[in-house]
2 protein chains.
Amino acid sequence: MMQEDFSRERLLLAVDCIVFGFDGEFLKVLLIKRGFEPEMGKWSLVGGFLQTNEVLEDAATRILSQYTGLSDIYMEQVATFSKIDRDPEDRIVSTAYYALIDIHKHSQKLSRQFSAQWFNIEDFPPLIFDHGEMVAAALKRLRTKAQTEPVGFELLPKKFTMRQLQTLYEAIWNVTLDKRNFSSKIRSFNFLEKLNEKDKSTSRKGAFLFRFDAEEYDKQERSRTTLNL
Amino acid sequence: MMQEDFSRERLLLAVDCIVFGFDGEFLKVLLIKRGFEPEMGKWSLVGGFLQTNEVLEDAATRILSQYTGLSDIYMEQVATFSKIDRDPEDRIVSTAYYALIDIHKHSQKLSRQFSAQWFNIEDFPPLIFDHGEMVAAALKRLRTKAQTEPVGFELLPKKFTMRQLQTLYEAIWNVTLDKRNFSSKIRSFNFLEKLNEKDKSTSRKGAFLFRFDAEEYDKQERSRTTLNL
DNA sequence: CCAAAAGTGTTGACCGTACACCCATGC
DNA sequence: GCATGGGTGTACGGTCAACACTTTTGG
């Protein structure tokens with residue numbers, strides 16, 4: 001950093017979280033109806049200010065826990081947004097994080113408290129400030145990430161069916177996949193453990209449940225390029 | 001952003017630039033020897049503070065121009081670094097940008113003024129603060145980016161030989177490629193214009209020069225997934 | 001016994017990779 | 001005429017994509 005020529009003006013640094021969930025059919029994003037000015041009553045991402053004694057990751061974790069009741073969540077920094085008038089009341093720069101959560105673990109109590117709601121990623125209301133851009137950037141990152149790392153499992157319960165997993169990836173990329181190809185491709189990675197349990201909620205025959213085997217995945221860390229589902 | 005519960009403490013936001021260049025053989029990074037405290041005399045990235053009337057991109061552009069004399073440069077935001085004590089003297093959060101420049105356009109005068117030097121990306125001295133992490137993150141991003149978009153051309157002169165292009169990609173990924181496969185792959189994209197000019201500086205026969213045809217590339221924007229060189 | 005979802009294998013097309021020889025020219 | 005780097009094509013194997021029928025079982 002160059003310290004001779006320019007002034008050192010302090011500003012506010014915020015953190016906004018794009019919380020993704022999956023309801024079994026669509027990829028969802030969590031939005032809250034703002035209960036304070038400016039833009040009270042409009043939809044927005046969950047966010048807060050970086051405190052001087054915390055790092056951005058901690059702020060994102062804290063905010064996520066405040067609004068969803070969840071901890072130990074997969075998160076990734078997306079980008080930092082700095083348009084001068086992105087907040088009309090003050091100069092606020094904001095770093096966006098996306099989080100992947102199991103939608104069913106999301107606290108109903110907190111949801112009511114903050115007027116939070118899940119929206120389909122393809123169809124959500126206009127957001128305040130530049131939050132719409134943030135969602136777009138986060139979605140792009142998620143899509144890229146899902147191509148090289150099995151992040152999808154963060155959005156599902158521990159045990160899931162092959163069909164649920166496929167529907168999830170179809171929702172992430174907004175495509176349709178062939179179930180035979182999907183299944184054999186996924187199974188070829190050898191990081192899914194097939195359980196001796198069936199989910200019978202969606203069919204008479206019942207579908208086998210699987211579990212992501214993180215240990216096996218880590219063992220393979222070398223020699224991997226893309227997942228290419 | 002949630003404004004009820006937490007204080008709004010202001011802090012300094014810096015921008016640090018990872019400037020990549022290519023000398024025909026190795027991928028390089030531009031470092032300066034700090035002429036001011038703290039850590040005077042140590043190697044560091046070029047950087048500066050975000051001013052209240054500019055966005056991060058503008059700050060990065062300004063800093064790049066100050067230190068290299070160049071404008072109209074390809075840049076991309078990498079990430080924001082916020083460790084509490086990353087700067088021992090003050091709480092400073094910093095957003096890293098990487099820039100790709102044609103190494104030969106880099107101003108010698110400014111280089112002397114700031115004691116700037118190019119280092120091989122695989123072998124550079126210890127850097128102050130978390131600048132080493134920033135370089136690592138930037139390199140990772142560049143590698144990923146180069147897989148899906150033809151950013152490499154930013155590092156070369158307007159006209160270049162097939163061999164130079166190949167060497168560049170070999171330097172970016174630290175691999176060796178087969179020149180027949182590389183050439184036919186690259187040419188199959190149809191975004192290189194073969195000129196009726198030869199560079200005779202490296203061989204008696206001379207090597208044809210090519211130019212990146214951005215217009216043709218843009219026309220193909222659809223239907224493209226990866227470059228996969 | 002039937003409706004509804006689960007589960008499974010084969011084939012052809014395409015792409016990536018390995019590999020070796022001739023060409024043009026300046027000295 | 002020879003040394004040096006430039007330029008090109010083919011054959012193999014692996015991966016991706018398209019495709020349809022049988023199984024299970026609750027009602």
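To find a chain, count down the sequence lines: A is the first, B the second, and so on, and within it residues start at 1. Side chains included, hydrogens not; waters and symmetry mates left out as well; all remaining heavy atoms used.
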Legend entry - Separation of C:dC23 C1' from B:K198 NZ (nearest whole Å): 9 Å

Inset, instruction - Using a 4.5 Å cut-off on heavy atoms from C-beta on, say whether the side chain of A:S82 contacts that of B:V55. - result: yes

Legend entry - Sugar-phosphate, base or nothing in reach of B:K200, heavy atoms under 4.0 Å: sugar-phosphate

Inset, instruction - Ignoring hydrogens and angles, state whether a donor on the side chain of B:R143 or B:Q147 is under 3.5 Å from an acceptor on the partner side chain. - result: no

Legend entry - First of A:A207 and A:S184 reached from the 5' end of DNA chain C, by closest nucleotide: A:A207

Inset, instruction - Return the orientation label for the A:H106 and A:W118 ring planes: parallel under 30°, perpendicular over 60°, tilted otherwise. - result: perpendicular

Legend entry - Rounded interatomic separation in angstrom, taking CG from B:N181 and C1' from C:dC19: 9 Å

Legend entry - Closest nucleotide among D:dT4, C:dG9, C:dA5 to the A:T202 side chain: C:dA5

Legend entry - Spacing between A:F210 atom CZ and C:dG7 atom P, to the nearest angstrom: 7 Å

Legend entry - Rounded distance in Å - NZ (B:K179) to P (D:dG6): 7 Å

Inset, instruction - Among the candidates D:dT8, C:dT25, D:dA17, find the nucleotide nearest to the side-chain atoms of B:K194. - result: D:dT8

Inset, instruction - Would you mind reading off the distance between B:I186 atom CD1 and C:dG16 atom P, rounded to a whole angstrom? - result: 12 Å

Inset, instruction - Specify whether B:F191 and B:F189 have parallel, tilted or perpendicular ring planes, treating 30° as the upper limit for parallel and 60° as the lower limit for perpendicular. - result: parallel

Inset, instruction - Mind calculating the distance between CZ (A:R187) and C1' (C:dA6) to the nearest angstrom? - result: 12 Å

Legend entry - Donor-acceptor pair present, A:K205 side chain and C:dA6 base, under 3.5 Å: yes

Legend entry - Given D:dG27, C:dG26, D:dG6, the nucleotide with the shortest approach to the side chain of B:R163: D:dG6

Inset, instruction - Mind calculating the distance between CG (B:D178) and C1' (C:dC15) to the nearest angstrom? - result: 15 Å

Inset, instruction - Ignoring backbone atoms, test whether B:K185 places a side-chain nitrogen or oxygen under 4.0 Å from the OP1 or OP2 oxygen of C:dG16. - result: yes

Legend entry - Of the listed nucleotides C:dG9, D:dT8, C:dA5, the one nearest the side chain of B:R180: D:dT8

Legend entry - Proximity of B:F153 and B:F160 rings by center, below 6.0 Å: yes

